[in-house]
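Small disclaimer: the values here were computed from a predicted structure and weren't measured. Heavy-atom basis, side chains included; hydrogens, waters and symmetry copies ignored. Convention: sequence-line order gives letters A, B, ...; per-chain numbering from 1.
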Protein chains: 2
Amino acid sequence: MAGQRETEDRRGRDSLGARTAKRVTLRDVAEAAGVSHQTVSRAINSKGEIDPETRRRVLDVARRLRYRPSRFARGLVNPEVVTVGLIVPDVVNPYFPEFMAGVFAAADQRGWQVLVASTENSRDRELTLVRSLGRQVDALVAYLSHPDAQLEPYVGGVPLVIVDRGLDSSTYALVKVATADGVRAGMRHLIDRGHRRIGMIDCEPVCDPLVRRRTFLEVAEEHALPIDESWVVVEDQSLDGGAAAFEALHTAHPDLTAVFAFNDLVAIGALRAARRLGVRVPDDCALVGYDGLSVTDLLDPPLTTLHLDKRRLGELAVHQVDQLLAGELPPPAVLTPRLNVRGTT
Amino acid sequence: MAGQRETEDRRGRDSLGARTAKRVTLRDVAEAAGVSHQTVSRAINSKGEIDPETRRRVLDVARRLRYRPSRFARGLVNPEVVTVGLIVPDVVNPYFPEFMAGVFAAADQRGWQVLVASTENSRDRELTLVRSLGRQVDALVAYLSHPDAQLEPYVGGVPLVIVDRGLDSSTYALVKVATADGVRAGMRHLIDRGHRRIGMIDCEPVCDPLVRRRTFLEVAEEHALPIDESWVVVEDQSLDGGAAAFEALHTAHPDLTAVFAFNDLVAIGALRAARRLGVRVPDDCALVGYDGLSVTDLLDPPLTTLHLDKRRLGELAVHQVDQLLAGELPPPAVLTPRLNVRGTT
DNA sequence: TTGTAGGCGTTATCAA
DNA sequence: TTGATAACGCCTACAA
């Protein structure tokens, strides 16, 4: 029998451990067990209509042959498990795990699965990942910095939700962060406490069009604060950047009484620099961060910060996916940071 | 034409946004474009043998129909993209993102994808996830607490790598952590610095058979330290647990000069309690943590800790997958924590 | 350049 | 209880 020989050939190659070994299929198991492939399927899937004895025998053979069902063949036949692709810039930055947790929770609630990939902060990888991951999933949730036009050739029709990108979109679903409102809340807090000489530590944003700095300066003008652009220092988005920026501010304006930081990471750096310089926080100088990372809570003093519910952000993203899969392009979802007053103001 | 009508029916349902809408296939596009499904395939996959004009027309139709290739059908025919399932107890605990980063990096290097799920520290979910995720992937990397025997019915033949479970295995691949060696290194460090009255904050381990405590007491005995089991306090694995434990130790043994903590989290809690109690660290009491979380570096003083390279742990896990996919059950990979002396000793 | 036939591994349906 | 046959959506090979 030709079929018989062919199967033997396969086994032969398999036992050589060759990489090209053909996969063991239901039919292979069936042949080896002397039943039809259908019976094997019943045994594997614990369907009722099968003799317990046959079942046991078949499962035995299957195990011996190291049979594993093909997820592709299964997916082809069954109602698919929805799989969402998730692209983040960096898994280790504590901002993103919280966001991911929200995505996982919301996905899990719907019985969906999540395929995760990290761009490692590479703008190029961002594009290639959109393409490669996009082919493998039913929808994509992604932190992206590129504008729509540059994204378009890579998206290839996958329903896409872009999170916290500074740009609007008429093509893709969005989850936005009301950064300007956050900055205003933080500034109002400082001003309410009597601060007027407020410095700002800014960073080069990836695509965000300087919302923080612009809002900062707007608020300063509205309240006629005695400050100009020399009170804004731009540094790396890192601990060291934050520390350097604080030193620069402190040197240029020794009389400053408060600092608004681009995010918690640089705020922590600033806190360190302050300690080194003998500047007491908050007595000599108040400090406000941005993001609400949970680590800020471990610090001494704990950081006053604009807390963004990153978990909720992830849930919102999945909710946008819901609507995309239902065939609609939903309006952007917006999340506003909430001021969390703790020890540094 | 029946075929034609059927296609219209599908579209009709689609535009109602029905969940049950049939998926748009190559053949649908072919029909709408008046070509064979084969021609559509060529257009979609940018094969050479096609008239540019036809190609453009077909792609147009495909876009209009929102056609998306089925990843399952493709996977069935093409060499598969390897997908690794990753099960962690908790994404937000800073321990795991670092581990995940290692898995991602190693997977990416091999062109593999990673499907992530979290058990949310539920032992039951652990089992169901092993089963459900296991059906969707080529191999599984997982933090698991169950012993092999309980796992077995859920694994169903997926190559499985278990990470940092206290138990050995003859069935599954392992990545182990040399916890005892770590504890010894930490204790040796304290003893070298002249400490003899050392307390320990322990926690209920999930499956780990009390390695830390046992090793701690062994070392104490070997060096004839003047301590007994009353120097070990068991508390919750949390900030508050750590704080409570430190207070308990300090109350019971006011003369202690050092504390060895179950992990960094409880160590940070202890650090807070110490500050509240007016105990200066490290002058009055030294403190050693375990894990080497990157946040311990932001603290003041930064924590002396047994640093485990969690990224490397993830890479090792993927390497174990490599070998499982090649058909071998590799011996356990072992990683030893490294003492990182910083501000608290 | 385009179309037809067959198969990938699985499950569902229906007949034996 | 079991088995034959036909999908599922795509791709490769070959024929037109």
So, is Arg74(B) near the phosphate of dG9(D), with a side-chain N or O under 4.0 Å from OP1 or OP2? no
d(CZ, Arg68(B); P, dC10(D)) in whole Å: 11 Å
Thr83(B)-Arg71(A) side chain donor-acceptor pair, cut-off 3.5 Å: yes
By nearest atom, which of the nucleotides dA12(C), dG9(D), dA4(D) is closest to the Ser36(A) side chain? dA4(D)
Measure from CZ on Phe72(B) to C1' on dC11(D) and round the result to the nearest Å. 17 Å
Does dC11(D) have OP1 or OP2 under 4.0 Å away from a side-chain N or O of Ser41(B)? yes
Length of the CD1-C1' vector between Ile44(A) and dT10(C), whole Å: 11 Å
Identify whether any heavy atom of Arg55(B) sits under 4.0 Å from a base atom; if not, whether one sits that close to sugar-phosphate; answer base, sugar-phosphate or nothing. nothing
Establish, with yes or no, whether the OP1 or OP2 oxygen of dT10(C) is under 4.0 angstrom from a side-chain nitrogen or oxygen of Asn78(A). no
Is a side-chain donor-acceptor pair under 3.5 Å present for Glu126(B) with Ser145(B)? yes
Closest nucleotide among dT1(C), dT10(C), dC11(D) to the Asp51(B) side chain: dT1(C)
By nearest heavy atom, map His37(A) and Thr39(B) onto DNA chain C; which one lands nearer the 5' end? Thr39(B)
Is Leu26(B) touching bases, backbone alone, or none of the nucleic acid, heavy atoms closer than 4.0 Å? sugar-phosphate
Of Leu76(B) and Pro52(B), the one whose closest nucleotide on DNA chain C sits nearer the 5' end is Pro52(B)
Does a side-chain heavy-atom distance below 4.5 Å link Leu26(B) with Tyr67(B)? yes
Phosphate-side-chain proximity, Thr25(B) and dG9(D), N/O vs OP1/OP2 below 4.0 Å: no
Integer-rounded Å distance: dG6(C) C1' and Gln38(B) CD: 12 Å
Could you tell me whether the phosphate oxygens of dG9(D), OP1 or OP2, come under 4.0 Å of any side-chain nitrogen or oxygen in Ser70(B)? no
Could you state the atom-to-atom distance from CD of Glu31(B) to P of dG9(D) in whole Å? 13 Å
Specify the residue among Arg27(A) and Thr54(A) whose closest nucleotide of DNA chain D lies further upstream toward the 5′ end. Thr54(A)
Tell me whether Gln320(A) contacts the main-chain N or O of Pro331(A) through its side chain, where contact means a donor paired with an acceptor under 3.5 Å. yes
Expressed as a whole number of angstroms, how long is the span from Arg23(A):CZ to dC8(C):C1'? 11 Å
Rounded to the nearest angstrom, tell me the gap between atom CZ in Arg71(B) and atom C1' in dG9(D). 13 Å
Calculate the interatomic distance between Asp28(B) atom CG and dC10(D) atom C1'; express it in whole Å. 13 Å
Measure from the side-chain N and O atoms of Arg74(B) to the backbone N and O of Gln136(A), and report whether any donor-acceptor pair falls under 3.5 Å. no
